[in-house]
Structure formats: structure tokens, C-alpha cells
Amino acid sequence: MRNRAPPRLSAWMDVWFDVAHHLETALKAAAAELGWPAGSFTPDVRTADPRFGDFQANGVLSYAKASATPGTKQNPRALAQALMDALLRREGAALTDRMTVSIAGPGFINFALKPSFLLTWLRTFDREDDLRRGAGQRLASQTWIVDYGSPNTAKQMHVGHIRSIIIGEAICRLLEFCGAKVVRDNHLGDWGTQFGKILYGYKHHLDRAALERDPLEEFERLYKAADAACKESPAALEEARLELVRLQNGEADAVSLWERVNQLSIDTLNSIYARLGVRYDHFLGESFYRDRIEAVYRELIGAGLAVESEGALVVFHPEHPRFATQPFIVRKSDGASNYASTDLATMAYRVEHFKADGVIVVTDARQNDHFEQLWLTTQKWFAHAGRRLPQFQHVTFGTILGEDGKAIKTRSGDPIRLKALLDEAEERAFAVVTEKNADLPEAKRREIARAVGIGAVIYADLSQNRSSDYVFSWDKLLSLDGNTAPYLLYACVRIASILRKLEPAQDVGAENATPFETPEEIALARKLVAFPGAIDQAVSTLRPHFISLYLYELAGAFSSFYNANRVLVDEPEVRARRLVLCRRTLMTLQTGLHLLEIRTLDQM
RNA sequence: GCUCCUGUAGUUCAAUGGAUAGAAUGUUGGCCUCCGAAGCCGAAGAUCCGGGUUCGACUCCCGGCGGGAGCACCA
């Protein structure tokens, strides 16, 4: 964009990328000057309801109570006044040139940015790199391992797998945006009981012709047949268990079949990941850790954490209400390892090899107990072994429901294949694009349908709080109205369209822009300046829906502005400032949508 | 039985202990001689129940009720 302000670092530092953060710091200093102890006062700055300003500091209210001594009462409004006076004294024109400060209600301090500052801010941070640099200080120099996706091999992915992939990838992008080095690891389930069953199925139920035709399909059928057999017959179950032990002991025939299944699986998985815009750095599945498990057993036993119980090696946590008696089984009574064993080895490897500062595992909420036990065990183990303890977050999510409110399934009751879901999304989007824009060439419509269809599926997931279940509805996610990917993409397209119509001679440059005047201009500018707050909320909670919510509100502010204020007007200075808004809105929408794995368009 | 998640307009979702609980959809009234109407502006409509903490509770605590899930060798 040719209208960019000169990239002087000093100017950049001067403008305060994250205004809320700056106010927080300034208010702390002012409070210190008044002698308010840092322990009992925090400014508590947050984005405000637009009616009251851009930011509000609520900390005085709780401080008034905390600082009251018996028999004395602190008047929060008077305290707010004192704090505001101190703030204005310290900051002077640097503050008052940029915003108006006022006290309201019982003791809120409100900050309303002035139009001239809004303009300066928008002219200063006008490229994605500027946003990235502003946000990138938060996690600078930290390494985070994100373990997501992580399906079992030997089965095709179904809808149940999509949330981990989508949420995990969004978290990766968010952490990178905030400056972290991110390692994307697909912790494949490639070493578990299902292989015992496949080996059993291969011996008893193999259809060689089917294996030639579609190997993965046949392996999946074998697994199902064996699984059914194991449910009916204890002898079959026992045989499948022994097959797993044979595999884990390195028997050649078992290993070679296992390798074949895995290679086939990974190829299929990758084709899905590519469609979703996901590229893993590693596929370190459970099997990768098989030579590290003995050491885990040794250290756990050495630390006195693991004990024999009912023939298995388990860890109890006596201080915990449930895990005092509910065991964490690290080695099965038949000697085989399980996912507790591999997950413990994985935790150690991530710290040793990747020097992880933090580890994030993204799975559905049903695995809560497992990861709670894993983390309890890890903390004690690492402390005993003198290992460095990383941060750990188990990021969970709810179930995808069908429109009947039950877990989503096909009519016949089988899980919906992920590939089929994505295909249908593209087909449905293609039909809509064709209906709305029949004159575009088919190749173009296909391309748009890919972005819109896949984007709609991704956005439907990321636009809601991950911890709840959500109802999957084609009509809703592709409806193009409301908080959907198509609505946001449409906003991008309209801006791109204006910029296409803009003639070079009309493009007089952002330096000629006058401060915003109309209510719609001001509302849009304020929303743009609120971007750092949305990033902050999303990353501090690892909840991407805060980004989505922000983008939806931004697109809404733009649409209102677009409808009420013509951009390509005759007055050069009005045109210039509206172009600043258009360009910044487009850039912010693109930045945010890319964080959410959605490809943007300039036509749809 | 114990534990975790979850109950917000008819429906699908928001709301870091803050000001008058926001949207969308559906219902309904307007707006294209104007940069893409896949849009914009307006109306009506909700915190499961009962206690408690707080200056202030959808949010925190206790007790119910409803939905989902986990609890010894699946992951």
C-alpha cells in the first residue's frame, strides 16, 4: 500500500500499539505516586462499552473496599478523582492530546480516544507486519509445542476429528502472531490396542481383493470386524492383546504390516490437512516414544510414584479426591504400554528435545481425567528427577451435534467422514456462488467455493466458545447472514471492489486525511483500534472465538459505514480518510481471518 | 454413587465480578437513478429454580432440577 506512513521506529513506539496496556502501566505509576500499595490496587483496564468510551479502568472500585480500615469508609469516586488527577499530572498533554478522561458512576475512569489520535494510530499501524510486531512482544523467545489433530492411524478421519485440528491450528497461529516459536506436532495414535485388533483381523478376516482395491478401506473394515469379534469373544480379545504385545516386541510380520498401515494413513491424512491449511512440523506418534518408555517406568518407580496394582503398574495421587483411588495406569498387566506411558515419555521429550516453555494438547473434553492425571504425575516426576517443568494447557472442546441435538452422524448411524464433509461444503458453496454470480468462469467459481465452503466449516467451529457443544447446520454456516465466514468474506470483497474502482489520481495519500467526523467513521476507527484487545483476550484464554467475535463486529461496523458514507467522494481529504478506513479494515479482516485459517478473496 | 462440562429471546450463539445482558435467525416496518442488497436502518422478544457473598452477579459459593461426558488395563 503506497499510503503507508514512514516506518520510523520512534514514531511507532510513540503511538502505543496497545492503548489499554499503556493505560494500565500509566495508572499503576500514578497509583504508586499516591502511595497505593501495588498489592491491593490493579487498574483493571478493559475495552469499554462504546457509549462510555474506548477503555475503562474499574480497579478503583475494588481498591476502595480493600483499602478501607475498620470504621472508615473510602469514597470510590473521590479515589477515582485522585487517581485521575495524578495520572493527568504525570502524563500531561501526551495523554490529553490523545483522549479525554472522565469519571462516571460509582468510580469508573473512562478513556475516550480523540478522532485525531484514531487517525494517527491507523496511519501508523497499517500493515499486517505492524500488527504482528505490536502483538509479538507478548510471547517473544518462547517455544510452544502444540499437539493437535492426533487421530488414530488405520482409520479415516470423521467429523469428530475436526475440532482438534481447527482449534489447534488457530491456537498455533495465534501464538505465532504473539511472537512464540511454535512446533506443530501430530501425536498419532499409532501404537495402541487398535493395532492388535487390525493384526487379529488381518489373520482372520482378510479379503485380499478388497485390500488391492482400497487398502485403507479394507484395514478399516478389518478393524471393525476384529473389534466386533473382541466384544463377543474373550478369546478373540485375548488374541488381539497378544498381537499388540508381539508388535511392541518387534516381531517382523507385525511390524511390517503396521508400517504399511501407517504410511497409507499418513498420506490420506495429509490430503485432508492440506485442504484445511494445516502443515505439521512433526508426526511424532506414540510409536516414536517406544524406546523411551522403559526409562519412564524406571524413574517413576525410583521416585516411588508408580506401584503394582492388580498386575498393572499404576500411579495414585493420595491428595486428590478421585485419583487417590482411580489409578493412572502406565503399564498394563500384560506388559504392554498404553497412552499414559507414551504421553509421559512425550512430556519429557518435548522439554528435552524442543526446549519447550509450554505444551498445549488439544483434545475433546472426555480426556479431562487422563490429562489431569498426566499432569499431576508429570509434576511430581519432574520435581523428583530434577527435570525442568514446562507450562501445560489441556485445551478441550465439546461435541459437534446434529440438528436433532445428538452427536452428529449419518442417517445410517455411522460417523460422517471428514473428507465427505469438506466435499459437501465445497459443493454447497459452489451452488451458492453460481446462483449469485453466474457470469464468473467456472474455474473461478470453484476456487471461490473452496475458500467459502471450507472457510464456512472452519468458521462455524471457531466462532463459538470451544467448551460448549455446538449444533452443526449447513443452512446456518453457509447462510451468508449473521456471524458466518461468507459475511466476513463479503466485507473483504466489497472493500477490494472499492479499491479496484479507485483511480490513481484519486488516491491522494493518507497524509492528506482529516480526522474522522461522521458517527460511522468514528465507530469503525474505534473498532479498528480495539484489535489488540481481541488478540489479548483470545491468547490469554486460548479461545479463538474472541477473534471471530471481533471480526464480526468489525465487519458490521464497516458495513454500516459503507452504507452511510460514500468513499469515493470529490473532497480529497474526506476521500483520503475514508480510504484509510477501508484499507485498514481490509488488512485487519485479512489478518484476523488468516489467524482463523480462512483464505480471503477479492471477488465472490 | 463420585467427578467434570453445560443450561441466556421460539431457535442458534455472545457477554475477562461492572454501567440499560449483546448478535443472528425467525416474526415485522423501512432503504438500491448511489463504491457489490450475500448489504443497511428500525420494532417486539431471554439469564433453569432457591438461597448466599458483593457497592455491583449470566459470571463466584451452597442446594436442587435438566442435558452431555468420564470413572482398571481404549485413546
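So you know, we letter chains A, B, ... as the sequences are listed, proteins then strands, and number each from 1.
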Give every pair of a protein N or O atom and an N or O atom of nucleotides 10-13 of chain B that lie under 3.5 Å apart, one pair per line with the distance.
residue: B:U12; atom: O2'; partner: A:K476; partner atom: NZ; Å: 2.6
residue: B:C13; atom: OP1; partner: A:V471; partner atom: N; Å: 3.0
residue: B:C13; atom: O5'; partner: A:Q464; partner atom: OE1; Å: 3.4

Practice prompt. Tell whether A:S309 reaches the base of B:A72 with its side chain through a donor-acceptor pair below 3.5 angstrom.
Written response: yes

Fill in: Under 4.0 angstrom between A:K65 side-chain N/O and B:G56 OP1 or OP2
no

Discussion item. Regarding A:S333, tell me which of base, sugar-phosphate or nothing describes its non-hydrogen contacts under 4.0 Å with the strands shown.
Written reply: base

Distances for protein N/O vs nucleotides 18-21 of chain B N/O pairs under 3.5 angstrom?
residue: B:G18; atom: OP2; partner: A:R46; partner atom: NH1; Å: 2.4
residue: B:A19; atom: N6; partner: A:N110; partner atom: OD1; Å: 2.6
residue: B:A19; atom: N6; partner: A:N110; partner atom: ND2; Å: 3.4
residue: B:A19; atom: N1; partner: A:N110; partner atom: ND2; Å: 3.3

Discussion item. From CZ of A:F546 over to C1' of B:G22, roughly how many Å is that when rounded to an integer?
Written reply: 14 Å

Worksheet item: Taking the side chain of A:R241 as its heavy atoms from C-beta onward, which of B:C73, B:G36, B:A14 lies nearest to it?
Response: B:C73

Practice prompt. Look at all strands and tell whether A:E553 reaches a base, only sugar-phosphate, or nothing, counting heavy atoms closer than 4.0 Å.
Written response: nothing

Response to the item:
note: A:E435, atom CD; B:A37, atom P; distance rounded to Å ~ 16 Å

Worksheet item: According to the Watson-Crick and G-U wobble definition with distances under 3.5 Å, which dot-bracket string, read 5' to 3', encodes RNA chain B, using [ ] for crossing pairs and | for pairs with another strand?
Response: (((((((..((((....[...)))).(((((.......)))))....(((((..]....))))))))))))....

Practice prompt. Report which part of the nucleic acid A:H370 touches: base, sugar-phosphate, or nothing (heavy-atom distance under 4.0 Å, all strands).
Written response: nothing

Worksheet item: At under 4.0 Å between heavy atoms, what does A:Q367 touch on the DNA or RNA strands: base, sugar-phosphate, or nothing?
Response: base

Worksheet item: Is any side-chain heavy atom of A:L499 less than 4.5 Å from a side-chain heavy atom of A:L579?
Response: yes

Discussion item. Using a 3.5 Å distance criterion without hydrogens, assess whether the side chain of A:W258 forms a donor-acceptor pair with backbone atoms of A:L199.
Written reply: no

Worksheet item: Is A:T396 near enough to B:C5 that one of its side-chain N or O atoms lies under 4.0 angstrom from OP1 or OP2?
Response: no

Worksheet, complete the sentence: Atom OH of A:Y487 and atom P of B:A23 are separated, to the nearest Å, by 12 Å

Item to complete: Look at the side chain of A:R575 and the backbone N and O of A:D570, then say whether any donor-acceptor pair between them is shorter than 3.5 Å.
Response: yes

Item to complete: Show your working on side chain to side chain contact (heavy atoms under 4.5 Å, CB included) between A:R445 and A:F430 and close with a plain yes or no.
Response: CA-CA 7 Å; A:R445 277 181 282 139; A:F430 181 73; 3.6 Å; yes

Discussion item. Once you apply a heavy-atom cut-off of 4.0 Å, does A:L568 come out as touching a base, just sugar-phosphate, or nothing?
Written reply: base

Practice prompt. Anything under 30° is parallel, anything over 60° is perpendicular, the rest tilted; go ahead and classify A:F472 against A:Y470.
Written response: tilted

Worksheet item: Quick check: are there more than 12 heavy atoms from other residues, nucleotides or ligands sitting under 6.0 Å from CZ of A:R322?
Response: yes

Worksheet item: Within the modelled atom types, does a donor on one side and an acceptor on the other bring the side chain of A:Y339 and the base of B:A75 under 3.5 Å apart?
Response: yes

Worksheet item: Is A:N565 touching bases, backbone alone, or none of the nucleic acid, heavy atoms closer than 4.0 Å?
Response: base

Item to complete: Let me know, please, whether A:R322 or A:G405 comes out on the 5' side of the other along RNA chain B by nearest nucleotide.
Response: A:R322

Practice prompt. Give the nucleotide from the list B:A72, B:C35, B:C41 with an atom nearest to the side chain of A:E310.
Written response: B:A72

Item to complete: Mark yes or no for a side-chain to base donor-acceptor pair under 3.5 Å between A:S497 and B:C35, with no hydrogen or angle criteria applied.
Response: no

Worksheet item: When the distance from CD of A:Q248 to C1' of B:C73 is rounded to whole Å, what number comes out?
Response: 13 Å

Fill in: A:F328 CZ - B:A72 P separation (whole Å)
14 Å

Worksheet item: Taking the chi torsion of B:C40, is it syn (within 90° of 0) or anti (everything else)?
Response: anti

